[in-house]
Amino acid sequence: MRSTYWAAVAILIAAGAVGTKAQSGVPPTTVTYVTSEEIQAVVKAPGGGDREIKIVDVGPYNLGVAVLRRGALKPGGRLSGINHAKVTEVYYVVSGEGTLITGTDVADVKAVPADSEVVTIAAGPSNNATFVKVAQSKRIKTGDVVIIPIGVYHGFSEIPEHIEYITVRPDPERVLPAGYVYPALTGK
């Protein structure tokens, strides 16, 4: 399963880099690797559940690769979600499962603070809200891929034990900081 995982990540990253030119107009001449050791180091680091691993300038846009791990979430209670105003997200579930909820019919919208790590590093301008009506509810599991377009609210209504997923974030407006590497990987 791990080889399938890495093949999918490599394809997603490569797809983002095909046919691009760097900001200088010169085609990129090197590739970026995100190793399994780097992913595990970021997963094991203390802190929040959404951690950007690397952000790369691939020409006309930046591309972020992150790892997210969420613990158990019992069903019931308020259904809330987050959206991102400038980036699409592609999830590849590497372990666990959960029920992903999505939609745009929401209330109590609150902008994520502009100085938060979610905005400055992970996903750019974002909003939290409560679902008025969930448009889609789908159980996702190891091996599944989900594409969440810009502006679509998303969250989980249930996670039996945990869910861990790699997220690839194309950033056409360059709101994410190109060249970013998770501090634990640089020794900082």
Side-chain angles (χ1 to χ4, degrees), residues 1 4-5 8-9 11-13 15-16 34 39 42-45 47-53 55 61-173 175-176 182:
M1 188 62 192
T4 302
Y5 155 75
V9 170
I11 289 167
L12 291 170
I13 292 170
V34 179
I39 292 170
V42 173
V43 167
K44 292 176 183 173
D50 183 344
R51 298 185 186 113
E52 203 69 27
I53 301 169
I55 301 169
Y61 57 93
N62 292 338
L63 187 72
V65 178
V67 61
L68 290 85
R69 183 173 178 87
R70 307 270 186 242
L73 174 66
K74 302 297 178 202
R78 184 176 78 121
L79 297 179
S80 60
I82 190 169
N83 80 349
H84 309 299
K86 306 283 185 181
V87 300
T88 291
E89 293 186 303
V90 180
Y91 292 176
Y92 178 73
V93 181
V94 295
S95 69
E97 64 182 310
T99 302
L100 181 71
I101 55 175
T102 62
T104 56
D105 190 355
V106 296
D108 304 320
V109 175
K110 293 181 180 68
V112 174
D115 62 349
S116 78
E117 194 170 301
V118 168
V119 174
T120 61
I121 296 172
S126 302
N127 300 290
N128 290 310
T130 302
F131 283 99
V132 172
K133 181 180 179 187
V134 172
Q136 292 178 296
S137 178
K138 173 92 172 144
R139 183 71 137 204
I140 60 173
K141 63 191 178 327
T142 302
D144 288 350
V145 174
V146 179
I147 301 167
I148 302 173
I150 291 170
V152 174
Y153 283 87
H154 52 285
F156 288 94
S157 62
E158 178 188 16
I159 301 171
E161 293 179 18
H162 81 279
I163 189 165
E164 184 176 312
Y165 47 102
I166 297 295
T167 300
V168 177
R169 295 176 172 128
D171 173 22
E173 294 190 38
V175 297
L176 305 180
Y182 191 77

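Keep in mind it's a predicted model, so treat the numbers as computed, not measured. Below, all heavy atoms of this structure are taken into account, side chains as well, without hydrogens, waters or symmetry copies.
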Partners meeting side chain to side chain donor-acceptor pair (under 3.5 Å) with Asp171 (sequence neighbours left out):
none
What heavy-atom pair brings [X] and [Y] nearest, and what distance separates the two atoms?
| X | Y | value |
| --- | --- | --- |
| Leu176 | Ile121 | CD2-O, 3.3 Å |
| Val175 | Gly124 | CG2-CA, 3.9 Å |
| Ile147 | Pro149 | O-CD, 3.5 Å |
| Phe131 | Gly103 | CE2-N, 3.6 Å |
| Arg169 | Ala66 | NH1-CB, 3.5 Å |
| Val94 | Thr142 | O-CG2, 3.5 Å |

With side chains defined as the heavy atoms from C-beta onward, is the minimum distance between [X] and [Y] less than 4.5 Å?
| X | Y | value |
| --- | --- | --- |
| Val90 | Thr167 | no |
| Thr88 | Ile148 | no |
| Glu164 | Val67 | yes |
| Val106 | Thr130 | no |
| Leu63 | Val168 | yes |

List the steps and the verdict of side chain to side chain contact (heavy atoms under 4.5 Å, CB included) for Tyr165 and Arg69.
CA-CA 7 Å; Tyr165 47 102; Arg69 183 173 178 87; over 6 Å; no
Sequence neighbours left out, what pairs pass side chain to side chain donor-acceptor pair (under 3.5 Å) with at least one residue falling in residues 102-117?
Thr102-Gln136
Side-chain donor-acceptor distances from residues 151-162 under 3.5 Å, at least two apart:
{"unit_1": "His154", "atom_1": "ND1", "unit_2": "Ile82", "atom_2": "O", "d": "2.9"}
{"unit_1": "His154", "atom_1": "ND1", "unit_2": "Val152", "atom_2": "O", "d": "3.0"}
{"unit_1": "His154", "atom_1": "NE2", "unit_2": "Glu89", "atom_2": "OE1", "d": "2.9"}
{"unit_1": "His154", "atom_1": "NE2", "unit_2": "Tyr91", "atom_2": "OH", "d": "3.4"}
{"unit_1": "Glu158", "atom_1": "OE1", "unit_2": "Arg139", "atom_2": "NH1", "d": "3.4"}
{"unit_1": "His162", "atom_1": "NE2", "unit_2": "Ser95", "atom_2": "OG", "d": "2.9"}

Name all residues meeting the side-chain contact (heavy atoms from CB on, under 4.5 Å) criterion together with Ser137; count only those two or more places apart in sequence or in a different chain, and write none if there are none.
Thr99, Ile101, Val134
Of all residues at least two apart in sequence or in a different chain, which pass the side-chain contact (heavy atoms from CB on, under 4.5 Å) check with Lys138?
Ile140
Salt bridge between Lys141 and Glu97, side-chain N to carboxylate O under 4.0 Å?
no
Does Ser126 reach the main-chain N or O of Val112 with its side chain, forming a donor-acceptor pair under 3.5 Å?
no
Donor-acceptor contact below 3.5 Å, side chain Arg51 vs main chain Val43:
yes
Can you run down the salt bridge (charged side-chain N to carboxylate O under 4.0 Å, His left out) pairs that involve residues 76-86, sequence neighbours left out, and say none if there aren't any?
Lys86-Glu173
